[in-house]
Q: 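Input: one structure, supplied below.
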Amino acid sequence: MSKGSGKQGGGASLQPPRGTRDFYPEDMRRRSWLFERFREIALRFGFEEVDAPMVEHAELFTRKAGEEIVEQLYHFELHDRHLALRPEFTPSLARLVIARQGALRFPIRWFAIAQNWRYERMTRGRRREHYQWNMDVWGEPGVEAEAELLGAMFAALDGLGLARGQVKVRLNSRGLLEESLRGGVLADRPEVFAPLCVVIDKIDKIGAEAVTDLLCSADGEVRLTSGEAERVIEMLGARSLDEAARFTTPGSQALADLRTLYDLLDAYGIADQVPFDASVVRGLAYYTGVVFEAFDAQGSLRAIAGGGRYDRLAETLGGRPVPAVGFGFGDAVIGELLADEGLWPELGREIQDVVHAFGPEEKTAAIRVATRLREQGRRVELTLGQSKLKRVLGDADKAGAERVFLIGEDERRRGVVTVRDLARQTEHEESLDGGSR
RNA sequence: GUGGGCGUAGCUCAGUUGGUUAGAGCGCCGGAUUGUGAUUCCGGAGGUCGCGGGUUCGACCCCCGUCGCCCACCCCA
């Protein structure tokens with residue numbers, strides 16, 4: 001069977017399902033490198049790592065707000081259960097928090113590196129499966145939490161080698177919009193705010209007119225007056241807090257929060273990397289306040305990361321109210337950006353020592369030597385079977401080894417091992433237990 | 001979903017207007033003093049040319065279908 005044979009070829013395809021990836025050792029080294037950077041920054045910011053099952057009850061994800069993320073759910077019925085692969089980590093995280101709500105001391109700072117699944121059409125930087133670094137703060141209503149998260153995000157970008165200015169974060173608050181509609185449509189029907197935001201999120205893709213139509217449509221969920229819709233569209237054009245202030249109600253809490261946030265971001269040294277942009281609302285229903293998304297400055301790729309405040313998710317899922325804010329940072333788009341910028345490091349096997357027995361008689365001695373070295377913390381490859389010295393040395397060199405330990409008949413008889421230093425091309429003998437001779 | 005491009009050795013690709021044993025580089029294996037690696041030299045293995053069907057005396061090449069990948073648009077985070 002050949003690699004390209006599809007359904008016609010007979011037998012199982014050797015290709016992974018569309019939109020999914022295999023990770024060979026060289027791929028896994030890069031993935032691990034990336035995840036180590038995420039993990040290191042998270043720990044440096046005092047966050048604790050958590051995880052949850054990749055399969056959840058489907059109901060955890062099936063919100064009704066027209067979100068694409070819900071429509072693209074991988075789900076299935078098994079026995080009497082309706083299960084789904086998680087399309088994002090936040091609902092699972094909420095479940096974890098709610099289940100121990102009485103025992104947790106807030107605020108809590110948790111992170112996860114989770115694989116998520118969405119059945120969607122593929123483009124560059126977008127697959128049906130991806131890993132996402134999630135950073136979340138629960139129990140802190142103030143924008144100090146947002147600032148800390150954005151500080152961590154930029155620290156991670158620094159750690160990946162991206163120069164300042166290569167990645168920017170557009171930021172807004174849904175609170176501005178929510179406040180301005182509070183006296184109108186939201187007074188009677190506060191529940192339409194989420195679907196309203198989901199519709200607005202489409203403005204860059206379908207245009208202002210189409211969005212206005214959707215917002216005012218008599219058949220739609222939102223049903224704004226044309227005056228309200230006009231005001232909303234106009235407000236989305238604001239690109240500074242002062243511009244936004246023209247649309248806000250006097251004493252706007254959302255605007256005050258944003259001003260405070262920018263003061264804090266300035267202290268982190270990143271305020272100039274985070275332009276205000278009133279058109280950012282994000283496509284998820286549960287966001288309530290500040291929302292943001294990171295993108296490459298050239299604008300050639302999809303969003304790198306995104307997040308926001310979701311103060312009502314806990315109660316939506318049956319818990320007591322707890323404010324929360326977080327972001328997700330995917331591995332796919334950042335991987336493309338690192339590739340474009342030539343920032344992926346050369347990663348080798350990092351074997352340190354190779355131990356080789358020339359014949360069956362020397363195998364036990366070789367095992368003892370390898371064990372001794374491994375107990376010292378060295379990364380040791382023990383050669384298996386029979387192979388020629390030429391090959392052993394060549395492979396050791398390619399694997400990045402520093403030394404090769406050789407045990408042949410002569411060494412065995414004298415109770416020693418020949419240690420070859422590959423870089424210096426020198427050799428000396430040691431006793432089998434490591435003593436010098 | 002629409003349009004375009006591409007599927008030839010493990011990898012990157014070449015393959016003249018359809019013509020007989022389908023090539024290169026890298027990699028892999030073996031050899032050049034039986035236990036000494038990056039260079040060099042010599043040799044070798046490995047492909048039903050994505051898959052299926054059709055046209056033809058003859059198809060990697062032309063036609064149809066199909067699967068997969070890439071790009072753009074559409075759609076959407």
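Within every chain, numbering begins at 1; the chains are lettered A, B, ... in the order of the sequence lines, protein sequences first and strands thereafter. Given the structure is predicted, the values throughout are model-derived calculations rather than measurements.
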Q: Taking CG from Leu301(A) and C1' from A77(B), how many angstroms apart are they, rounded to a whole number?
A: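 Rounded to whole Å, this separation is 14 Å.
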
Q: If we call it a pair only when both distances are under 3.5 Å in a Watson-Crick or G-U wobble match, what pairs with G68(B)?
A: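 C6(B) - that is the nucleotide pairing with G68(B), both distances being under 3.5 Å.
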
Q: Mark yes or no for a side-chain to base donor-acceptor pair under 3.5 Å between Arg121(A) and C74(B), with no hydrogen or angle criteria applied.
A: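 Answer is yes: a donor-acceptor pair is held.
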
Q: Should Arg95(A) and Glu56(A) count as an ion pair when the cut-off is N to O under 4.0 Å?
A: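 Looking at Glu56(A) together with Arg95(A), the answer is yes, because their closest N to O distance falls below 4.0 Å.
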
Q: Nearest to the side chain of Ala303(A) - A77(B), G37(B), C74(B)?
A: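 Closest of the options to the side chain of Ala303(A): A77(B).
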
Q: By nearest atom, which of the nucleotides A38(B), G35(B), U36(B) is closest to the Leu393(A) side chain?
A: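 So the side chain of Leu393(A) is nearest to U36(B).
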
Q: Does the base of A77(B) carry an N or O that pairs as donor and acceptor with the side chain of Glu293(A) under 3.5 Å?
A: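 It does, because a donor-acceptor pair links the side chain of Glu293(A) to the base of A77(B) below 3.5 Å.
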
Q: Would you say the ring centroid of His75(A) lies under 6.0 angstrom from that of His82(A)?
A: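 Close enough - the centres of the two rings lie under 6.0 Å apart.
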
Q: Nearest to the side chain of Asp410(A), which nucleotide is it out of A32(B), C76(B), G35(B)?
A: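 Nearest nucleotide to the side chain: G35(B).
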
Q: For C62(B), give the paired nucleotide (Watson-Crick: N1-N3 plus N6-O4 or O6-N4; G-U: N1-O2 and O6-N3; both under 3.5 Å), or none.
A: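 Answer to the pairing question: G54(B), which forms a Watson-Crick or G-U pair with C62(B).
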
Q: Between G35(B) and Glu427(A), counting only base atoms on the nucleotide and side-chain atoms on the residue, is there a donor-acceptor pair under 3.5 Å?
A: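 Such a pair does not exist between side chain and base.
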
Q: Roughly how far apart, to the nearest Å, are A38(B) and C26(B) at atom P?
A: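 After rounding to an integer number of Å, I get 15 Å for this pair.
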
Q: Taking the side chain of Gln425(A) as heavy atoms from C-beta outward, which of A77(B), G35(B), A38(B) is closest to it?
A: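 So the nucleotide nearest the side chain must be A38(B).
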
Q: Of the nucleotides U36(B), C76(B), C29(B), which has the atom closest to the Arg391(A) side chain?
A: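 Of the candidates, C29(B) comes closest.
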
Q: How many Å lie between CD on Glu411(A) and C1' on U36(B), as a whole number?
A: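 Answer to the nearest Å: 12 Å.
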
Q: Is the distance from OP1 or OP2 of C28(B) to the nearest side-chain N or O of Lys398(A) less than 4.0 Å?
A: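 Affirmative; the distance criterion is met.
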
Q: Is the closest basic N to carboxylate O distance between Arg414(A) and Glu429(A) below 4.0 Å?
A: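 Glu429(A) and Arg414(A): salt-bridged.
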
Q: In whole Å, I'd like the distance from the CZ atom of Arg424(A) to the P atom of G37(B).
A: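 Distance check: Arg424(A) CZ to G37(B) P gives 20 Å.
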
Q: Measuring to OP1 and OP2 of C69(B), would you say a side-chain N or O of Arg18(A) lies under 4.0 angstrom away?
A: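 Yes, such a contact exists.
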
Q: Where the side chain of Arg302(A) is concerned, which of G37(B), G35(B), C76(B) is the nearest nucleotide?
A: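 Output: C76(B).
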
Q: Using whole Å, what does the distance between atom P of nucleotide G37(B) and atom CG of Leu406(A) come to?
A: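 Whole-Å distance recorded here is 12 Å.
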
Q: Check Glu293(A) with Lys168(A), please: is the shortest side-chain N to carboxylate O separation under 4.0 Å?
A: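 A salt bridge is absent here (no side-chain N lies under 4.0 Å from a carboxylate O).
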
Q: Once you measure the plane-to-plane angle for Phe38(A) and Trp133(A), does it fall in the parallel (<30°), tilted (30-60°) or perpendicular (>60°) bin?
A: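 It falls in the parallel class, under 30°.
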
Q: In this structure, how many angstroms lie between the C1' atom of A77(B) and the CD atom of Glu129(A), rounded?
A: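 Taking atom C1' of A77(B) as the reference, CD of Glu129(A) is at 16 Å.
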
Q: Name the pairing partner of G43(B), where a pair is Watson-Crick or G-U wobble with both distances under 3.5 Å, or state none.
A: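 G43(B) is paired with C29(B).
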
Q: What does Asp201(A) touch in the nucleic acid at a heavy-atom separation under 4.0 angstrom: a base, only the sugar-phosphate, or nothing?
A: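 Contact class for Asp201(A): sugar-phosphate only.
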
Q: Would you say the base of G37(B) and the side-chain of Arg420(A) have a donor-acceptor pair closer than 3.5 Å?
A: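 Side chain to base: pair found, below 3.5 Å.
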
Q: Of the listed nucleotides (C75(B), G35(B), A77(B)), which one gets closest to any side-chain atom of Arg118(A)?
A: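 Selected nucleotide: A77(B).
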
Q: How many angstroms lie between atom OG of Ser226(A) and atom CZ of Arg231(A), to the nearest 0.5 angstrom?
A: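 Taking OG in Ser226(A) and CZ in Arg231(A), the distance rounds to 13.5 Å.
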
